[in-house]
Amino acid sequence: MNVAPAPGLDEALARRLELHPQVALRPEPFGALAYHYGNRRLIFLRHKDVVRLVEALGSHDSLGSALSACGIAASRWPSFVTALQSLETSEVIRER
Amino acid sequence: MSAESLVSQMKFGLDAPICLTWELTYACNLQCIHCLSSSGQRDSRELSTAEAKRVLDELRDLQVFYINIGGGEPMIRRDFFEIVEYSIANQIGVKFSTNGAFIDRPKSQQLASMDYLDIQLSIDGVDAATNDAVRGEGSYAMARRAMDNLAEAGFGPFKISVVVTRHNVDQLDGFKAIADSYGAQLRVTRLRPSGRGADSWHDLHPTNAQQMQIYQWLLANGENVLTGDSFFHLNALGAPLPGLNMCGAGRVVCLIDPIGDVYACPFVIHDQFKAGSVRDEGGFAKVWKQSELFLSLREPESAGACSSCGSYDACQGGCMAAKFFTGLPLDGPDPECVIGNAESQLLKVPAGIAPKPAMDHSKPVTISRRKPASV
């Protein structure tokens with residue numbers, strides 16, 4: 001069964017995002033640890049694909065092209081959009 | 001990955017500590033009766049400035065995000081600012097603990113001008129009587145003066161750090177009010193029987209009824225109060241407190257002491273928990289990644305005497321240091337087990353058998369005043 005795209009998915013995929021300049025990523029066996037030097041918060045990235053995507057965001061024109069470039073299947077995009085929303089709330093990533 | 005599986009992942013250790021505690025000196029102007037590191041006098045083997053910078057280079061390469069600097073009183077070191085500035089310039093944030101003795105107005109201005117720096121001022125009472133009984137005469141006024149200076153200099157939200165004892169449990173709201181009055185953040189941590197704390201433990205550690213009081217207070221205030229996740233032994237009382245419910249010793253945290261020895265955590269300065277030295281070949285990284293002690297701490301633990309207790313998953317058997325320095329087996333209940341499983345065990349510990357800290361830098365006791373007046 002085809003899942004209808006979540007409302008706003010196209011808008012989300014068109015956004016230009018980047019790793020927050022005050023955030024450092026450190027690879028770990030489970031994914032990565034992100035540390036925000038501004039608000040001093042520690043955030044766990046619990047999937048290696050999310051880590052690759054976050055690192056790639058800044059060098060692509062849109063979230064959609066970053067997802068494609070990372071070889072992430074389109075069926076998984078909605079869940080990545082959700083994951084990135086939470087990372088944006090924690091200021092791990094931001095709009096360019 | 002759920003929070004629970006993340007915790008199990010972290011139990012196998014991280015590639016580098018998330019943060020580590022670095023006691024810069026054993027020298028201290030105070031002689032707090034619960035001092036974890038039995039500080040007082042400087043150790044002549046203290047790391048030099050150049051050695052400290054080499055350690056920081058290593059921590060930068062390992063991507064340690066920040067360090068907790070303590071002591072002794074770290075600001076006693078003449079190269080204190082040099083070390084802090086070097087750390088920050090290498091993208092290692094600094095949080096340092098101080099009694100405030102050296103935070104005068106000019107120093108406050110200097111501190112306020114630095115980024116990526118947190119300050120944690122220690123008080124253990126909301127009034128001089130309660131505080132000074134533990135931290136020494138005049139120490140309350142000294143800490144409040146430092147807080148006033150930092151606030152006046154516009155430092156921003158510093159932290160006020162409190163060790164919860166039998167004598168200040170009722171003051172938790174008061175501490176919060178003091179913190180709020182400065183726009184500061186309150187941090188409360190658990191008392192450990194480590195260092196001189198072994199001698200004062202029986203007089204200072206909270207009673208069973210007070211454990212419940214602390215738990216309730218943290219449940220009500222926990223989101224706005226830092227705890228260093230140190231109260232996880234209380235989780236056996238019900239809903240878990242916010243934070244990481246596990247002992248991070250050798251897995252996500254460790255201690256570098258003033259002479260460069262690396263211990264599993266700040267509360268276990270004892271040979272049994274010494275993993276190596278930053279002065280060894282291979283430096284800190286080798287100690288973190290390869291020391292036998294740290295590798296063994298990352299192995300799955302046995303619940304031991306706690307395996308039949310339904311609360312083990314909640315409290316994880318409590319604090320390793322608290323057990324060790326009260327003479328309890330490491331695979332048994334915490335001395336402050338809220339279920340009451342430690343009481344009979346503690347009675348079985350023969351007097352004098354509990355391990356003593358590896359080193360004591362306490363200042364010699366002044367006995368002159370006790371001498372008879374006649375000559």
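Note that the structure is predicted; figures quoted are calculated from it, not measured. So you know, we letter chains A, B, ... as the sequences are listed, proteins then strands, and number each from 1.
We find the CZ-CG distance between A:F30 and B:L14 to be 5.5 Å, quoted to the nearest 0.5 Å. To the nearest 0.5 Å, the span separating CG on A:L33 from CD1 on B:I18 amounts to 5.0 Å.
Heavy atoms of B:I88 lying under 4.5 Å from chain A are absent altogether.
Note on ring orientation: taking the six-membered ring where Trp is involved, the planes of A:Y37 and B:Y116 are perpendicular (angle over 60°, cut-offs 30° and 60°).
With hydrogens and angles ignored, the 3.5 Å screen pairs a side-chain donor or acceptor of A:R26 with a backbone N or O of B:A16.
The nearest pair of heavy atoms linking A:P27 to B:D15 is O-OD2, 3.7 Å.
Within 6.0 Å of CD in B:E223 there are 12 or fewer heavy atoms belonging to other residues, nucleotides or ligands.
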